[in-house]
Enquirer: 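Sharing a structure below in structure tokens format, with a few things to ask.
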Amino acid sequence: MDNELLEKAQAIISDRRHKALSENEMRINEINQRIPQIKEINDTLFNTGRDLIRLISEAKGSDVSAKVEEIKRNNLGAQAMARQLLTANGYPEDYLDIHYTCKKCNDTGYCRYSFCDCLRKVIGKLSADELNREAQLELSSFDTFKLSYYHGDDYYTMERIYNYTRRYAEQFTPNSESILMFGKTGLGKTHLSLAIANAVLQKGYSVIYDSVINLLRIVENEHFSRDHSSEMIDMLMNTELLIMDDLGTEYVSTFYSSTVYNIINTRLNRRKPTIISTNLDFKGISGRYDERVVSRLTSTYTCLEFVGDDVRLQMKLNNSANK
């Protein structure tokens with residue numbers, strides 16, 4: 001794992017913890033001023049806590065279990081009284097608790113000497129951001145997609161696709177469905193998949209976007225390296241949204257084919273959404289990939305067929321005519 005990314009992720013988790021503690025301190029000060037009885041209860045709890053520590057340290061082998069249990073009961077009673085006072089004054093009963101972002105590790109990033117899922121998630125998002133840095137995600141949005149380049153029945157088909165993908169982005173969750181975008185080149189598949197990536201990233205989810213060939217090359221290099229790393233394949237399996245562009249442009253090889261199947265199948269099993277775009281039609285996909293890949297793409301993905309005339313060519317002709 002990249003040490004720099006790990007340090008950045010740890011810093012983010014640490015900031016969350018400091019924020020939770022700081023906000024808790026402000027709530028305590030607020031309640032101390034508004035409900036003095038709770039301050040008295042908390043002072044009592046603090047003192048009994050010290051008494052408990054002293055009792056145990058001075059026991060020197062004698063049985064103090066009965067006294068310890070008595071102190072615990074008194075503390076639980078005092079805590080219940082404090083919660084009642086909070087609710088009676090219009091506050092939630094957990095108002096004075098520390099509200100950590102992750103309740104598993106209390107924003108430490110570690111559970112039983114191993115990385116907590118929250119830290120892994122932050123590392124994954126930082127890694128995805130690093131990977132997406134050169135993808136120029138900011139260049140495509142739903143607002144810059146122009147339906148005026150489509151005509152006749154093609155217009156209505158592309159209008160439905162545009163509306164569907166926009167709703168998909170607006171309503172995205174980590175359990176959203178997967179999408180196969182297919183059709184000839186220059187019809188807007190890349191534009192709309194990038195627009196989805198932009199919108200989902202703005203919601204705070206982790207997204208990996210790249211061409212299939214680039215992703216497979218990285219996986220291949222790591223797999224056959226001396227370290228036999230699985231960092232990239234782990235990222236592809238775990239990111240909240242994976243967008244793979246230009247399926248079918250990668251070299252034909254056993255390793256690439258098995259990796260494509262592994263990514264598609266594993267993410268489906270984990271109920272993680274994937275968006276795949278390709279210039280191949282169903283016949284081309286069937287001729288290129290084995291039945292397992294074809295079956296999963298055609299039966300479990302929402303299939304969107306892009307139609308019309310090459311938009312990039314139309315834009316080029318318009319620009320030439322306007323000069």
Enquirer: Return the SG to CZ distance between Cys303 and Phe282, rounded to the nearest 0.5 Å.
Expert: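 Separation between the atoms: 4.0 Å.
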Enquirer: Do Asp245 and Thr190 pass the side-chain hydrogen bond (donor to acceptor under 3.5 Å, both in side chains) test, and can you show the C-alpha distance, the side-chain angles, and the key distance before you say yes or no?
Expert: CA-CA 7 Å; Asp245 199 19; Thr190 297; 3.1 Å; yes
Enquirer: Quick check: does any side chain N or O of Thr165 sit under 3.5 Å from a backbone N or O of Ile161, one acting as donor and the other as acceptor?
Expert: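 Yes; judged by distance alone, with no hydrogens or angles, the pair exists.
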Enquirer: What closest approach, in Å, do Ala197 and Ile243 show between heavy atoms, and which atom pair accounts for it?
Expert: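 Result for this residue pair: CB-CD1, 3.7 Å.
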Enquirer: Check for a donor-acceptor pair, side chain of Ser211 on one end and backbone N or O of Asn214 on the other, with a separation under 3.5 Å.
Expert: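 Yes, the answer is positive, given that a donor and an acceptor are paired below the 3.5 Å cut-off.
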Enquirer: Any Lys/Arg nitrogen of Asp290 or Arg292 sitting under 4.0 Å from an Asp/Glu carboxylate oxygen of the other?
Expert: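 Salt bridge flag = yes for Arg292 with Asp290.
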Enquirer: Shortest non-hydrogen contact from Gly248 to Glu250?
Expert: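 Minimum heavy-atom separation between Gly248 and Glu250: N-OE1, 2.8 Å.
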Enquirer: Would you indicate whether the side-chain heavy atoms of Tyr100 and Leu21 approach each other to under 4.5 Å?
Expert: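 Touching, per the 4.5 Å side-chain cut-off.
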Enquirer: How long is the span from the CD atom in Glu305 to the CE atom in Met181, to the nearest 0.5 Å?
Expert: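 Atom-to-atom, Glu305:CD and Met181:CE are 13.5 Å apart.
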Enquirer: Nearest 0.5 Å, please: how far is OG in Ser258 from CG in Asn265?
Expert: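 Spacing of CG (Asn265) from OG (Ser258) equals 12.0 Å.
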Enquirer: Compare every heavy atom of Glu222 with every heavy atom of Glu231, then report the nearest pair and how far apart it is.
Expert: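 The pair with the smallest heavy-atom distance is N-OE1, 3.4 Å.
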Enquirer: Answer yes if the ring centres of Tyr156 and Tyr150 are under 6.0 angstrom apart, and no otherwise.
Expert: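 Between Tyr156 and Tyr150, the centre distance exceeds or equals 6.0 Å.
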Enquirer: Looking at Asn175, I want to see if its CG is surrounded by more than 12 non-hydrogen atoms of other residues, nucleotides or ligands under 6.0 Å.
Expert: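 Check passes, neighbour count above 12.
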Enquirer: Given 3.5 Å as the limit, does a donor-acceptor pair link the side chain of Asp107 with the main chain of Cys102, or not?
Expert: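 Judged by distance alone, yes, a pair lies under 3.5 Å.
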Enquirer: What I want to check is whether the side chains of Arg34 and Tyr91 have a donor and an acceptor closer together than 3.5 Å.
Expert: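 On atom types as modelled, these side chains qualify, holding a pair under 3.5 Å.
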Enquirer: Please determine whether the number of non-hydrogen atoms from other residues, nucleotides or ligands lying under 6.0 Å from atom CZ of Arg271 exceeds 12.
Expert: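 Open: at most 12 neighbouring heavy atoms sit under 6.0 Å from CZ of Arg271.
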Enquirer: Do you know which two heavy atoms are closest between Tyr155 and Leu147, and how far apart they sit?
Expert: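 Taking Tyr155 first and Leu147 second, the nearest heavy atoms are CD1-O, 3.4 Å.
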Enquirer: For Asp143, is there an ion pair with Arg166 - N to carboxylate O distance below 4.0 angstrom?
Expert: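 Here Arg166 pairs with Asp143 in a salt bridge, since their nearest N and O are under 4.0 Å apart.
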Enquirer: Between Lys121 and Glu240, does at least one N-O distance fall below 4.0 Å, as a salt bridge requires?
Expert: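 Yes, this pair counts.
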Enquirer: Under the 3.5 angstrom rule, does the side chain of Tyr168 hit a backbone N or O of Glu177 as a donor-acceptor pair?
Expert: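 Present.
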Enquirer: Kindly compute the distance separating CG (Leu241) from NZ (Lys272), expressed to the nearest 0.5 Å.
Expert: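 Going from CG on Leu241 over to NZ on Lys272, the span is 10.5 Å.
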Enquirer: Between Glu30 and Tyr95, does a side-chain contact (heavy atoms from CB on, under 4.5 Å) hold up when you go through it step by step?
Expert: CA-CA 11 Å; Glu30 174 192 354; Tyr95 192 69; 2.6 Å; yes
Enquirer: Under a 3.5 Å distance rule, please check whether Lys189 uses its side chain to pair with a backbone N or O of Gly183 as donor and acceptor.
Expert: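 Present.
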Enquirer: Around atom NZ of Lys19, are there more than 12 heavy atoms of other residues, nucleotides or ligands at under 6.0 Å?
Expert: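 Incorrect, the count does not exceed 12.
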Enquirer: Between Tyr164 and Arg160, does any side-chain donor sit less than 3.5 Å from a side-chain acceptor?
Expert: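 Short answer, no.
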Enquirer: In Å, rounded to the nearest 0.5 Å, how long is the span from CD1 of Ile38 to CD1 of Ile28?
Expert: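 So the CD1 of Ile38 and the CD1 of Ile28 are separated by 11.0 Å.
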Enquirer: For Lys104, is there an ion pair with Asp117 - N to carboxylate O distance below 4.0 angstrom?
Expert: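 Yes.
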Enquirer: In sequence, state the C-alpha distance, the side-chain angles, and the governing distance for Leu96 and Ile31, and then conclude on side-chain contact (heavy atoms from CB on, under 4.5 Å).
Expert: CA-CA 8 Å; Leu96 293 180; Ile31 294 302; 3.7 Å; yes
Enquirer: After noting the C-alpha distance and the side-chain angles of Ile213 and Tyr251, does the key distance pass the side-chain contact (heavy atoms from CB on, under 4.5 Å) rule?
Expert: CA-CA 8 Å; Ile213 184 60; Tyr251 301 119; 4.2 Å; yes
Enquirer: Indicate the ring-plane relationship of Phe172 and Tyr205, choosing parallel, tilted or perpendicular according to the 30° and 60° boundaries.
Expert: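 The rings of Phe172 and Tyr205 stand perpendicular, inter-plane angle above 60°.
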Enquirer: Donor-acceptor check, side chain of Arg17 to backbone of Thr108, threshold 3.5 angstrom: yes or no?
Expert: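 A pair under 3.5 Å: no.
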Enquirer: Looking at side-chain heavy atoms only, is the closest gap between Ile275 and Met244 below 4.5 Å?
Expert: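 Answer no - side chains too far apart.
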Enquirer: At their closest point, which heavy atom of Leu180 faces which heavy atom of Thr278, and how far apart are they?
Expert: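 Nearest heavy atoms, Leu180 then Thr278: CD1-CG2, 4.1 Å.
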Enquirer: With a 4.5 Å cut-off on side-chain heavy atoms, are Lys184 and Asp310 touching?
Expert: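 They are not in side-chain contact.
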Enquirer: Do Thr144 and His191 have side-chain N/O donor and acceptor atoms under 3.5 Å apart?
Expert: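 Yes, side-chain donor-acceptor contact under 3.5 Å.
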Enquirer: Within the side chain of Gln10, is there an N or O that forms a donor-acceptor pair under 3.5 Å with the backbone of Gly109?
Expert: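 Checking the backbone N and O of Gly109 against the side chain of Gln10, no donor-acceptor pair under 3.5 Å is found.
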Enquirer: Determine whether Arg217 and Asp210 make a side-chain contact, defined as any pair of heavy atoms from C-beta on separated by less than 4.5 Å.
Expert: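 A side-chain contact is absent here, since even the closest heavy-atom pair is not under 4.5 Å.
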Enquirer: Which value, rounded to the nearest 0.5 Å, describes the distance between Leu304 atom CG and Ser193 atom OG?
Expert: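 The OG atom of Ser193 is 11.0 Å from CG of Leu304, to the nearest 0.5 Å.
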Enquirer: For side-chain contact (heavy atoms from CB on, under 4.5 Å), just list the numbers for Phe255 and Val219, CA-CA rounded to whole Å, side-chain angles, deciding distance to a tenth of an Å, and then say yes or no.
Expert: CA-CA 10 Å; Phe255 179 81; Val219 171; 4.1 Å; yes
Enquirer: Can you pull out every ring pair (Phe, Tyr, Trp, His ring centres under 6.0 Å) where at least one residue sits in residues 289-316? Sequence neighbours excluded, please.
Expert: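 The answer is none; no pair qualifies.
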Enquirer: Ser277 side chain to Asp246 main-chain N or O, any donor-acceptor pair under 3.5 Å?
Expert: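 Yes, because the side chain of Ser277 sits within donor-acceptor range (under 3.5 Å) of the backbone of Asp246.
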Enquirer: Do side-chain atoms of Arg296 reach the backbone of Ile264 as a donor and acceptor pair under 3.5 angstrom?
Expert: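 Not confirmed, Arg296 side chain does not pair with Ile264 backbone.
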Enquirer: Any side-chain donor paired with an acceptor under 3.5 Å for Arg267 and Thr274?
Expert: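 Yes - a donor-acceptor pair under 3.5 Å links their side chains.
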Enquirer: Taking Asn163 for the side chain and Glu159 for the main chain, is one N or O donor matched with an acceptor at less than 3.5 Å?
Expert: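 Yes, because the side chain of Asn163 sits within donor-acceptor range (under 3.5 Å) of the backbone of Glu159.
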Enquirer: Should we count CG of Asp15 as having more than 12 external heavy atoms under 6.0 Å?
Expert: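 Yes.
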Enquirer: Kindly give the heavy-atom pair with the smallest separation between Val294 and Ile285, and that separation in Å.
Expert: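 Here Val294 and Ile285 meet closest at CG2-O, 3.8 Å.
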